[in-house]
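Note sheet for the following structure.
Computed from a predicted model, the values in this text were never measured in an experiment. Each residue takes its place number in the sequence, starting with 1.
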Amino acid sequence: MSAVSDNRENFADQLITAIRKKNSCMIVGLDPYFKSIPDIIKQKFSTLKKQSFEYEARVILEFNIQVIDLIAPHVSIVKPQIAFYELYGWWGVWAYAETIKYAKQKGLIVIGDVKRGDVPSTAEAYANAHIGEVCTDHVAEAPFGTDAITINPFLGTDSLLPFFQTAKKYHKGIFVLVKTSNPDSGEFQDLICEGKKLHEIIAERTYTWGKDVLGKHGYSAVGAVVGATFSHEITKLRKIMPTAYFLVPGYGAQGATAKDIACCFNPDGLGAIINASRSILYAYNLSPWKEKYGIDSWRDATREAVVKMNEEIRNILKTNHGYKE
């Protein structure tokens with residue numbers, strides 16, 4: 001049976017160590033749109049086309065492996081979105097698990113974007129599957145082994161406690177959906193409840209839930225998903241959750257820029273990790289890389305897009321927080 005080590009760092013401390021190691025607070029979201037994966041990768045598995053889901057899953061895994069090899073020198077965090085894998089049934093889930101395994105082998109922190117949330121007994125099963133262990137006949141195994149996951153607070157505190165408890169036991173992280181990046185998020189998240197917006201109440205709860213899992217740097221293992229596409233809300237949320245790490249989607253393809261994410265960070269230059277997916281994975285199809293490289297040189301486009309995004313974020317930190325490399 002595997003044992004849980006008490007010597008492992010708080011997740012937030014692991015995160016900060018990883019960020020400082022590569023001087024990058026960037027996340028690359030591994031969202032494999034099959035149609036956008038270069039044909040040169042698909043050709044490698046062309047004999048499997050009749051076994052459709054196996055074909056697609058193996059192409060996705062190969063693409064992810066090549067992406068991870070490209071970005072590993074520049075970033076420390078990846079975030080596979082499980083929906084793009086579940087799309088292909090159990091073969092897709094296999095590709096998800098193998099992607100996590102490979103990213104971990106390359107020394108990357110893996111955040112599983114699973115957005116789980118359910119009644120307590122079901123939540124416990126989700127938690128053990130994604131950030132915990134399952135024990136059968138005295139043998140404990142981690143089904144997926146991600147370092148952190150995203151969760152949905154809609155069902156209330158009792159639905160989240162199994163995630164918090166499991167994360168604490170195994171030194172993992174949690175990111176609660178607080179203010180998401182999609183255009184219609186305000187339909188519910190901005191509703192006024194007792195004089196406050198609902199997402200502000202969730203933020204207050206998130207801060208409370210994270211108080212007992214603070215790391216040595218003062219940040220909690222319970223963080224928050226806060227969309228960069230609503231930058232006018234972020235300053236207030238940063239004040240409500242000063243010790244929470246923000247996982248910030250919306251950069252790049254969804255329209256947010258480096259200026260939009262400046263207020264996600266605390267004065268110490270910490271407190272936020274910025275996600276980009278399509279604008280990195282498929283940079284070959286976007287300006288200026290489309291004109292410069294094209295699909296035949298997709299690897300060069302992806303590498304340059306990562307370097308450029310890192311530079312943009314560092315410049316914002318230098319300007320707004322006096323950050324020094």
Side-chain angles (χ1 to χ4, degrees), residues 10-12 14-15 27 29-31 77-86 93 96-97 100 109-134 142-182 185 188-189 198-215 219-228 230 237 240-241 243-250 264 271-275 277:
N10 174 284
F11 172 74
Q14 296 175 43
L15 198 59
I27 312 171
L30 299 177
D31 300 357
I77 314 160
V78 292
K79 182 178 70 64
Q81 163 50 263
I82 199 169
F84 293 99
Y85 303 85
E86 291 177 341
V93 175
Y96 177 79
I100 293 166
I109 286 178
V110 182
I111 300 172
D113 196 352
V114 298
K115 297 182 175 69
R116 296 299 194 253
D118 212 322
V119 295
S121 58
T122 311
E124 183 178 2
Y126 279 138
N128 285 327
H130 289 279
I131 53 173
E133 293 181 346
V134 176
F144 290 112
T146 48
D147 298 294
I149 56 171
T150 56
I151 62 171
N152 190 328
F154 186 73
L155 273 70
T157 298
D158 64 343
S159 73
L160 303 184
L161 287 177
F163 293 106
F164 299 144
Q165 291 162 354
T166 304
K168 186 174 183 180
K169 179 179 180 181
Y170 293 100
H171 306 273
K172 300 299 182 76
I174 296 292
F175 291 93
V176 181
L177 300 182
V178 173
K179 178 60 177 170
T180 57
S181 59
N182 56 302
S185 66
F188 296 117
Q189 294 169 21
L198 180 57
H199 71 258
E200 294 170 356
I201 295 173
I202 297 171
E204 291 172 351
R205 296 283 199 281
T206 299
Y207 174 66
T208 300
W209 292 325
K211 279 184 175 180
D212 70 337
V213 280
L214 293 176
Y219 286 91
S220 175
V222 176
V225 177
V226 176
F230 296 98
L237 291 173
I240 295 172
M241 300 179 287
T243 59
Y245 241 90
F246 286 9
L247 190 168
V248 185
C264 295
I273 46 179
I274 314 301
N275 181 78
S277 303

Notebook entry, point to check: Counting distance only, does the side-chain N/O of Gln14 pair as donor-acceptor with the main-chain N or O of His171 below 3.5 Å?
Noted result: yes
Item checked: Within 6.0 angstrom of Arg116 CZ, more than 12 heavy atoms from elsewhere -> yes
Next item on the list: Could you go through the side-chain contact (heavy atoms from CB on, under 4.5 Å) check for Ile131 and Tyr170 one step at a time?
Entry: CA-CA 7 Å; Ile131 53 173; Tyr170 293 100; over 6 Å; no
Notebook entry, point to check: So how far is it from Trp209 CH2 to Glu204 CD, rounded to the nearest 0.5 Å?
Noted result: 11.0 Å
Next item on the list: May I ask you to test the Pro120-Leu161 pair for a side-chain heavy-atom distance under 4.5 Å?
Entry: no
Notebook entry, point to check: So which heavy atom on Phe175 is nearest to which on Ala148, and how close?
Noted result: CE1-CB, 4.0 Å
Next item on the list: Report yes if the side chains of Thr206 and Ile240 come closer than 4.5 Å at any heavy-atom pair, otherwise no.
Entry: no
Next item on the list: List the atom of Val178, the atom of Ala203, and the distance in Å for their closest heavy-atom pair.
Entry: CG1-CB, 4.0 Å
Notebook entry, point to check: Are more than 12 heavy atoms from other residues, nucleotides or ligands located less than 6.0 Å from atom NZ of Lys168?
Noted result: no
Margin query: Can you tell me how far apart CD1 (Ile77) and CD1 (Ile111) are? Round to the nearest 0.5 Å.
Written below: 5.5 Å
Notebook entry, point to check: If every non-hydrogen atom of Gly117 is compared with every non-hydrogen atom of Leu155, which pair is closest and at what distance?
Noted result: O-CD1, 4.3 Å
Checklist line | Matching residue for Lys79 among Thr146, Thr150, Asp113 - test: side chain to side chain donor-acceptor pair (under 3.5 Å) | finding: Asp113
Next item on the list: Give the minimum heavy-atom separation between Ala244 and Gly223, together with the two atoms involved.
Entry: CB-CA, 4.2 Å
Next item on the list: Could you check if a side-chain atom of Ser159 sits within less than 4.5 angstrom of a side-chain atom of Asp118, using non-hydrogen atoms only?
Entry: no
Next item on the list: Quick one: sort the Phe163 and Tyr126 rings into parallel, tilted or perpendicular, breaks at 30° and 60°.
Entry: parallel
Item checked: Tyr207 side chain reached by Met241 side chain, heavy atoms, under 4.5 Å -> yes
Checklist line | Heavy-atom check, side chain of Tyr96 versus side chain of Phe84, under 4.5 Å | finding: no
Notebook entry, point to check: In Å and rounded to the nearest 0.5 Å, what is the CD1 to CG distance from Ile27 to Asn275?
Noted result: 5.0 Å
Next item on the list: Work out which heavy atom in Phe246 is nearest to a heavy atom in Cys264; give both atom names and the distance.
Entry: CD2-O, 4.0 Å
Notebook entry, point to check: Is Gln189 reaching over with its side chain to a backbone N or O of Thr180, donor-acceptor style, under 3.5 angstrom?
Noted result: yes
Next item on the list: Taking the side chain as every heavy atom from C-beta outward, state whether Ile149 and Ile174 have any atom pair closer than 4.5 Å.
Entry: yes
Notebook entry, point to check: Quick one: does Ile273's side chain get under 4.5 Å of Tyr245's, heavy atoms only?
Noted result: yes
Note to self: If we ignore hydrogens and angles and just use 3.5 Å, is the side chain of His199 paired with the main-chain N or O of Lys179 as donor and acceptor?
What the structure shows: no
Notebook entry, point to check: With a 4.5 Å limit on heavy-atom distance, are the side chains of Ile151 and His130 in contact?
Noted result: no
Note to self: On a heavy-atom basis, which atom in Pro80 and which in Val110 lie closest, and how many Å separate them?
What the structure shows: CD-CG1, 3.7 Å
Next item on the list: Quick one: pull up CD1 in Ile109 and CZ in Phe11 and give me the separation to the nearest 0.5 Å.
Entry: 5.5 Å
